[in-house]
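For reference, the structure discussed in these notes is given below.
Just so it is clear, the structure is predicted and the values come from calculations on it, not from any experiment. When a ligand or atom number is given, it counts from 1 through the structure's own listing order. If you read the sequence from its start, that first residue is 1, and numbering goes on from there. The figures that follow rest on heavy atoms only: side chains count, while hydrogens, waters and symmetry mates do not.
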Amino acid sequence: MASHTAPAPIHPGRVRILRPGSASTKSKPGPVIYWMFRDQRVNDNWALLHAANLASSLSAPFAVAFSLFPPPFFLHARARHVNFLLRGLKRLQMTLSSFNVPFFFFKSYPKDSIPNLVDRLGASSLVVDFSPLRQFRSELDDIVERIGSDVAIHQVDAHNVVPVWVASDKLEYSARTIRSKINKLLPEFLVDFPELSKQTVEWIGEKPPKIEWDTLIDEVNREACDVVEIDWCVPGEDAAKETLLGIKEGFLTKRIKGYHSDRNDPTKPRGLSGLSPYLHFGQISAQRCALEARSRRNVSPQSVDAFLEELIVRRELADNFCYYQPKYDSLDGAWEWARKTLNDHANDKRDHIYTREQLDKGKTHDPLWNASQMEMVCYGKMHGFMRMYWAKKILEWTSGPEEALSIATYLNDKYEIDGRDPSGYVGCMWSICGVHDQGWKERPIFGKIRYMNYEGCKRKFNVDAYISYVNKLVSQTKKRKPEGPLDKLLSKKEKN
Ligand SMILES: Cc1cc2nc3c(=O)[nH]c(=O)nc-3n(C[C@H](O)[C@H](O)[C@H](O)COP(=O)(O)OP(=O)(O)OC[C@H]3O[C@@H](n4cnc5c(N)ncnc54)[C@H](O)[C@@H]3O)c2cc1C
């Protein structure tokens, strides 16, 4: 991609030394291993660049390792998620090999495979990604504990434009309180990436075993078959780049102008960037998206500013919340005012009460809600505006806020291709528990939590058009038989 600012070295604030190790005191330090987790890309990846720099400073080679949690997978991922990830990694392995970088893949808990690999290879250093999610952090704690004290362990926040620990040292109250902190740091952190160079120190150690990608994908399709793969979104870095900058339908090249006016209209899904699957799996860097958007600001300042607000401020606020609030997916994680108002109204009469199963099947009295649920179930990505309405109605139609939150996060994680993400937990917490929002006029069930209703949606967009759009999506999905290999379909889409 084109460079717009001078490439910068890695900002020291982006790297945390979890353990110093003693590699530099050795006459022949062992290789550097990068345990890739959340940032599954070769381009624009500060963690990979750091591993390469570290290796070069030690005159040692480096390799990348990825460990797929065994079933039920990380955060109970379904075939939709795991195979998007695997198809992306399949391409990533090829790209890495063009840089002479070996790629080790395991289907086991990282806390088992990574320390074992580090030990077997006599590695001098381990570089790890950052994620604020509990399950990742506990896995990392175990890894650190199991690795010998002479091995250096460095953590790099390659996901956020401003590393979470630099942006703020505390739980932020709202976008208003974090915005100025992030904006002040952008000149330091929103800089162009240096290029990754080909590995020059020869890898003479153990060779990674051959990865049978197609067999793995078939296995996952059997093991996590309750939510099937999607076919409209091609996984991998190239497709991510195409979504951002493609000459036919790229977001910044063709669609950005309408973002400001169309992004809250669910009948215009192309009005959104469509980048969330790629951002979630780290197949594109948010920093790259921001650099490219900023360089096109003259095309449509309002739209670019609105996009940067979502991409940087809102997304990184979500990481801040999950990082500093351990109860990020529970009513206990809400602010005192919200917990009080929700508890005050927990026993209010509900006109409709649905079970998780009824909601899962989209069987409520509200055709708009059912359509949004089906958009998520069949298509795998509900429109951003509908996500708010969808979650708020779950609060209205279940027996209490704790149950509502648990159903909303369960369904969001199960079906959204971008689910199991800090932005998902915070989206549900915002909608149901008022996190990052303010108190509104008190009303039944919701208390002071912001309310949304069907009539409001009717005033904002053409509800019937959205419902028919989703019906069409559903029937197209039903028509697509799982007969032909999805690979064929995906590669055809990639060529177009
Ligand atoms: C109940 C609920 C659940 C949500 N679940 C998820 C989820 O599981 N995963 C997820 O990535 N986002 C989630 N969001 C946030 C938002 O709806 C999606 O990020 C957005 O719809 C993704 O589509 P897009 O990339 O085309 O959006 P665009 O509008 O083009 O946004 C670009 C990027 O900005 C970020 N972004 C946009 N809106 C938000 C937001 N409100 N909070 C944080 N980051 C944002 C995302 O990374 C997004 O990809 C949820 C919101 C709500 C209210």
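Contact annotation for Arg263 and ligand 1: no heavy atom of the residue comes within less than 4.0 Å of the ligand. Contacts with ligand 1 closer than 4.0 Å are made by no heavy atom of Leu317, backbone or side chain. When heavy-atom distances to ligand 1 are checked against a 4.0 Å cut-off, Ser431 comes that close only through its side chain, counted from C-beta outward. Heavy atoms of Asp418 found under 4.0 angstrom from ligand 1 belong to the backbone as well as the side chain. Contacts of Trp430 with ligand 1, taken as heavy-atom pairs under 4.0 Å, are absent altogether.
One option in Leu275, Asp421, Ile284, Leu279 has a heavy atom closer to atom 33 (C) of ligand 1 than any other, and that option is Leu279.
Ion pairing between Asp344 and Lys340 holds under the 4.0 Å rule for side-chain N and carboxylate O. We find that Asp157 and Arg16 are not joined by a salt bridge, their nearest charged nitrogen and carboxylate oxygen being 4.0 Å or further apart.
The distance from ligand 1 to the heavy atoms of Met388 drops below 4.0 Å at these ligand atoms: 53 (C). Atoms of ligand 1 lying under 4.0 Å from at least one heavy atom of Tyr259, given by number and element, are 28 (P), 29 (O), 30 (O), 31 (O).
Within the cation-pi definition used here (under 6.0 Å to the ring centroid, within 45° of the axis), Arg41 does not qualify as a partner of Tyr278.
Applying the salt bridge (charged side-chain N to carboxylate O under 4.0 Å, His left out) test to pairs two or more places apart or on separate chains, those with a residue in residues 385-396 are Arg387-Glu416, Arg387-Asp418, Lys393-Glu396.
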